[in-house]
Amino acid sequence: TKILGEGQITLPIFAGVWLASEFLADVPLLDVAGEWGERSLRTFLVGAPPMLAMQYATGASRPDESPSGSTWRPFQDSNGASGHAFMGAVPLLTAAEMADWWPAKITFFAMSFLPGLSRVADDDHYMSQALLGWTMAYVAAAAVDRTQSPDKHLSIFPLVTGDQVGAAME
């Protein structure tokens, strides 16, 4: 599953599927595949900047790379979050968000952990780094999904005014 985390492989696939669906609009299978490619690209674009910031901000090293291990040392290293876990989870979490049939949704969601787990199994990242990369992908995929049908989601968030603190619902 490491190959799913290779951006130089997956990003052209996302773009290619999306563009194919644009140029071959009369092929029904490409409708869903094209939407998946387009949403996967958007998820990458939404999640990559904060993901890169998190990698550097945490400053943790890979296993066997430094005596400090996974200890956070802000801005001292660039492996605090697994980029492969992020990139590998993006297409699977996007597919999970798009799926209406719950067995498919659960399968894609469960599979989204595999790229990060492969990095841990290969001793290329600590579990915390893989989970952080996956979490960044999850948040980005959820944000992109919200733009697809904003009326179906309920949001509850903190509300602070000059003299009141409470919660608001949207």
Chemist: Start with the C-alpha distance between Asp145 and Arg39, add both sets of side-chain angles, then the distance that settles side chain to side chain contact (heavy atoms under 4.5 Å, CB included), and finish with yes or no.
Modeler: CA-CA 8 Å; Asp145 185 60; Arg39 286 174 68 166; 2.5 Å; yes
Chemist: Under the 3.5 angstrom rule, does the side chain of Ser112 hit a backbone N or O of Phe109 as a donor-acceptor pair?
Modeler: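 Between the backbone of Phe109 and the side chain of Ser112 there is a qualifying donor-acceptor contact (under 3.5 Å).
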Chemist: How long is the straight-line distance from NE2 of His84 back to CZ of Arg119, given to the nearest 0.5 Å?
Modeler: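 Rounded to the nearest 0.5 Å, the CZ-NE2 separation comes out at 4.5 Å.
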Chemist: Could you tell me the separation between the CD atom of Glu38 and the OG1 atom of Thr94, rounded to the nearest 0.5 Å?
Modeler: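 That separation rounds to 10.0 Å.
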Chemist: Within this structure, what is the NZ-CE distance for the pair Lys105 and Met98, rounded to the nearest 0.5 Å?
Modeler: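 So the NZ of Lys105 and the CE of Met98 are separated by 10.0 Å.
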Chemist: For Ala81 and Thr58, work out which heavy atoms get closest and say how close.
Modeler: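 Heavy atoms only, the tightest pair is N-OG1, 4.3 Å.
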Chemist: Between Ala130 and Ser82, which heavy-atom pair has the shortest distance, and what is it?
Modeler: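 Where Ala130 meets Ser82 most closely, the heavy atoms are CA-CB, 3.8 Å.
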Chemist: Nearest 0.5 angstrom please: Trp102 CH2 to Thr107 OG1, how far?
Modeler: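 Those atoms lie 9.0 Å apart.
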Chemist: May I ask you to decide if Ser61's main-chain N or O and Gln129's side chain share a donor-acceptor pair within less than 3.5 Å?
Modeler: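 It does hold such a pair.
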Chemist: Are Phe44 and Met54 linked, directly or through intermediate hydrophobic residues, by side-chain heavy-atom contacts shorter than 4.5 Å (ILVMFWY only)?
Modeler: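 Yes, because Met54 and Phe44 connect within a single hydrophobic cluster, where side-chain heavy atoms sit under 4.5 Å apart.
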Chemist: Just verifying a value: how many Å separate Thr10 OG1 and Leu41 CG, rounded to the nearest 0.5 Å?
Modeler: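 Thr10 OG1 to Leu41 CG: 9.0 Å, rounded to 0.5 Å.
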Chemist: Grouping I, L, V, M, F, W and Y whenever their side-chain heavy atoms are under 4.5 Å apart, do Val144 and Phe108 come out in a common cluster?
Modeler: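 No; Phe108 is not reachable from Val144 via cluster members.
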Chemist: If you count the non-hydrogen atoms of other residues, nucleotides and ligands that lie under 6.0 Å from OH in Tyr56, is the total more than 12?
Modeler: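 Atom OH in Tyr56 is not packed in, count stays at 12 or less.
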Chemist: Using the ring-ring contact (aromatic ring centres under 6.0 Å, His included) criterion, which residues pair with Tyr138? Sequence neighbours excluded.
Modeler: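 Result, ring-ring contact (aromatic ring centres under 6.0 Å, His included) vs Tyr138: Trp134.
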Chemist: Testing the basics here: between Leu132 and Gly80, what is the closest heavy-atom pair and its distance to 0.1 Å?
Modeler: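 That closest heavy-atom pairing would be CD2-O, 3.7 Å.
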Chemist: Show your reasoning for whether side chain to side chain contact (heavy atoms under 4.5 Å, CB included) applies to Gln148 and Glu35.
Modeler: CA-CA 10 Å; Gln148 295 301 119; Glu35 181 182 349; 3.7 Å; yes
Chemist: Please report the closest heavy-atom contact between Val46 and Pro50, naming both atoms and the distance.
Modeler: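 Closest pair (atom of Val46, atom of Pro50, distance): O-CD, 3.3 Å.
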Chemist: Within the distance-only criterion (no hydrogens, no angle test), does the side chain of Ser118 pair as donor or acceptor with the backbone N or O of Pro115 below 3.5 angstrom?
Modeler: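 Checked: pair present.
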Chemist: Determine, step by step, whether Arg42 and Thr147 satisfy the side chain to side chain contact (heavy atoms under 4.5 Å, CB included) criterion, reporting the C-alpha distance in whole Å, the side-chain angles of both residues, the deciding distance to 0.1 Å, and the verdict.
Modeler: CA-CA 11 Å; Arg42 286 176 47 213; Thr147 66; 2.4 Å; yes
Chemist: Quick check: is Leu45 connected to Phe86 through a chain of hydrophobic side chains (ILVMFWY, heavy atoms under 4.5 Å apart)?
Modeler: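 Cluster IDs for Phe86 and Leu45 match.
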Chemist: Under the side chain to side chain contact (heavy atoms under 4.5 Å, CB included) rule, what do Thr43 and Leu93 come out as? Steps first, then yes or no, please.
Modeler: CA-CA 9 Å; Thr43 299; Leu93 289 169; over 6 Å; no
Chemist: Can you get from Leu131 to Val120 by hopping between Ile, Leu, Val, Met, Phe, Trp and Tyr side chains that sit under 4.5 Å apart?
Modeler: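 Same cluster.
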Chemist: Do Ile106 and Leu117 share a hydrophobic cluster, counting only Ile, Leu, Val, Met, Phe, Trp and Tyr and linking them when any side-chain heavy atoms are less than 4.5 Å apart?
Modeler: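 No, separate clusters.
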Chemist: Please name the pair of heavy atoms, one in Ala89 and one in Ala137, separated by the smallest distance, quoted to 0.1 Å.
Modeler: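 What the structure gives for the nearest pair is CB-CB, 3.8 Å.
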Chemist: Just checking Trp36: does its CH2 atom have more than 12 heavy atoms from other residues, nucleotides or ligands closer to it than 6.0 angstrom?
Modeler: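 Counting neighbours around CH2 of Trp36, more than 12 heavy atoms of other residues, nucleotides or ligands fall under 6.0 Å, so yes.
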Chemist: For residues Leu92 and Met111, report the shortest heavy-atom separation together with the two atoms involved.
Modeler: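 Shortest heavy-atom contact: CD1-O, 3.4 Å.
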